[in-house]
Enquirer: 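What follows is a structure written as structure tokens; I'll ask about it next.
All values derive from a computational prediction rather than experimental measurement. Every heavy atom of this structure was used, including side-chain atoms; hydrogens, water molecules and symmetry mates were not.
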Amino acid sequence: MPAGDQTFRKSMRLLAGGVTIVTSAFEGKRSGLTATAVCSLALAPPRILASINVTGNTFQIVERSRCMSVNLLAKDHEHLAERFAAKRAALDEDRFIYGEWEERVTGAPVLADALAALDCRVTDIIPLDTHAILIGVVEDVLFGPRRLPLIHFEAGYTSVLVPRSESLI
């Protein structure tokens, strides 16, 4: 028997994950959402996987455009993560008021100062209950300034300091 909704949610809050904004555009309309269900999938060709809700505007636009960008957020992007996660931004365009957004290869909006922005052609859409798994081939990558990543953990945002030979701050 599957775990109950509350038990599952409680356990997933303990899975720390990098915060991204997944965006797309079609016929002049942009949409995006905050997502943590994102990971690399393959190296040759470079592929990425994102899971998003099928009832949202962003899914509808990705399904039509067959493109998406996955923007890896830095700690100083917390306000953008909140904005793209909030239902209070009634119009998708309102979500793009902040930040510098540009188009690269696919036409999906790319955050110019993201840690990295992966511009993808969506090759596969796999519906699964309330969500769909999007698989995209990375057509272009834009690197922003190096700094600390934004991490989602226990229903909030944080960051991490990792000892490295090159400093992130």
Side-chain angles (χ1 to χ4, degrees), residues 2-24 30-43 46-59 62 68-90 92-102 104 108-120 128-136 138 140-169:
D5 286 353
Q6 292 303 326
T7 302
F8 179 69
R9 285 176 193 243
K10 184 177 178 181
S11 68
M12 288 296 95
R13 287 181 177 171
L14 300 175
L15 177 62
V19 182
T20 70
I21 294 176
V22 176
T23 67
S24 190
R30 300 184 294 180
S31 188
L33 54 81
T34 301
T36 56
V38 173
C39 65
S40 64
L41 184 61
L43 187 57
R47 292 184 191 266
I48 194 162
L49 175 151
S51 176
I52 66 172
N53 194 308
V54 297
T55 63
N57 291 337
T58 303
F59 175 76
V62 168
M68 69 177 172
S69 75
V70 177
N71 301 276
L72 312 182
L73 300 185
K75 177 65 177 153
D76 60 320
H77 289 132
E78 186 172 333
H79 67 289
L80 287 175
E82 290 286 348
R83 185 154 196 88
F84 278 79
K87 296 192 192 285
R88 73 176 182 276
D92 282 318
E93 283 300 316
D94 288 348
R95 295 175 182 217
F96 293 92
I97 290 172
Y98 301 102
E100 184 181 330
W101 297 91
E102 60 184 63
R104 304 284 284 195
V110 171
L111 183 61
D113 73 336
L115 293 175
L118 296 91
D119 192 9
C120 306
L128 187 63
D129 302 323
T130 60
H131 284 64
I133 298 168
L134 309 175
I135 298 174
V138 179
D140 190 28
V141 178
L142 171 71
F143 291 98
R146 286 181 56 96
R147 52 212 194 283
L148 296 174
L150 184 61
I151 306 294
H152 190 261
F153 181 71
E154 287 197 344
Y157 296 109
T158 188
S159 194
V160 294
L161 287 175
V162 180
R164 297 179 51 115
S165 58
E166 32 183 301
S167 175
L168 292 176
I169 54 175

Enquirer: Of all heavy-atom pairs between Pro109 and Arg30, which one has the smallest distance, and what is that distance?
Expert: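 For Pro109 and Arg30, the tightest heavy-atom pair comes out as CG-CD, 3.6 Å.
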
Enquirer: Tell me, please, which residues at least two apart from Glu154 pass salt bridge (charged side-chain N to carboxylate O under 4.0 Å, His left out).
Expert: none

Enquirer: Please name the pair of heavy atoms, one in Thr34 and one in Ala85, separated by the smallest distance, quoted to 0.1 Å.
Expert: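 Closest pair (atom of Thr34, atom of Ala85, distance): OG1-N, 3.2 Å.
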
Enquirer: Please tell me if the side chains of Tyr157 and Ile151 come closer than 4.5 Å, counting only heavy atoms from C-beta onward.
Expert: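 A side-chain contact is absent here, since even the closest heavy-atom pair is not under 4.5 Å.
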
Enquirer: Evaluate the ring planes of Phe84 and Trp101, with Trp represented by its six-membered ring, and classify them as parallel (under 30°), tilted (30 to 60°) or perpendicular (over 60°).
Expert: tilted

Enquirer: Under the salt bridge (charged side-chain N to carboxylate O under 4.0 Å, His left out) test, which residues partner Glu102, sequence neighbours left out?
Expert: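 If we apply the salt bridge (charged side-chain N to carboxylate O under 4.0 Å, His left out) test to Glu102, skipping adjacent residues, the hits are Arg104.
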
Enquirer: Measuring from atom NE2 of His152 to atom OG1 of Thr158, what distance do you get when rounded to the nearest 0.5 angstrom?
Expert: 11.0 Å

Enquirer: Would you compute the distance between atom CG of Leu150 and atom OG1 of Thr36 and round it to the nearest 0.5 angstrom?
Expert: 10.5 Å

Enquirer: Answer yes or no: is there a side-chain heavy-atom contact under 4.5 Å between Pro149 and Leu72?
Expert: no

Enquirer: Which heavy atom of Cys120 sits nearest a heavy atom of Ile48, and at what distance?
Expert: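 Smallest heavy-atom distance, with atoms named: SG-CG2, 3.5 Å.
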
Enquirer: Report the C-alpha distance between Ile52 and Leu134 in whole Å, list the side-chain angles of each, state the deciding distance to 0.1 Å, and finish with yes or no for side chain to side chain contact (heavy atoms under 4.5 Å, CB included).
Expert: CA-CA 8 Å; Ile52 66 172; Leu134 309 175; 3.6 Å; yes

Enquirer: Could you pull out every donor-acceptor pair under 3.5 Å between side chains of residues 4-21 and any protein atom, sequence neighbours left out?
Expert:
from	atom 1	to	atom 2	distance (Å)
Ser11	OG	Phe8	O	2.7
Thr20	OG1	Ala35	O	2.8

Enquirer: Backbone N or O of Gly32 within a donor-acceptor pair of the Thr58 side chain at under 3.5 Å?
Expert: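 Answer holds: yes.
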
Enquirer: For Arg147 versus Leu115, what's the shortest heavy-atom pair and its separation?
Expert: O-CD2, 3.5 Å

Enquirer: Compare every heavy atom of Arg83 with every heavy atom of Ile97, then report the nearest pair and how far apart it is.
Expert: CD1-NH2, 4.1 Å

Enquirer: I need the minimum non-hydrogen distance between Leu73 and Ala81, along with the two atoms involved.
Expert: CD1-CB, 3.8 Å

Enquirer: For a 4.5 angstrom cut-off between non-hydrogen side-chain atoms, does Asn53 reach Phe59?
Expert: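 No - every pair of side-chain heavy atoms lies 4.5 Å or more apart.
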
Enquirer: Do Leu49 and Ile133 have side chains that approach each other closer than 4.5 Å (heavy atoms only, starting at C-beta)?
Expert: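 SC-SC contact between Leu49 and Ile133 confirmed.
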
Enquirer: Kindly indicate whether the side chain of His77, heavy atoms from C-beta on, has any atom under 4.5 Å from the side chain of Asp113.
Expert: yes

Enquirer: Would you indicate whether the side-chain heavy atoms of Asn71 and Thr23 approach each other to under 4.5 Å?
Expert: yes

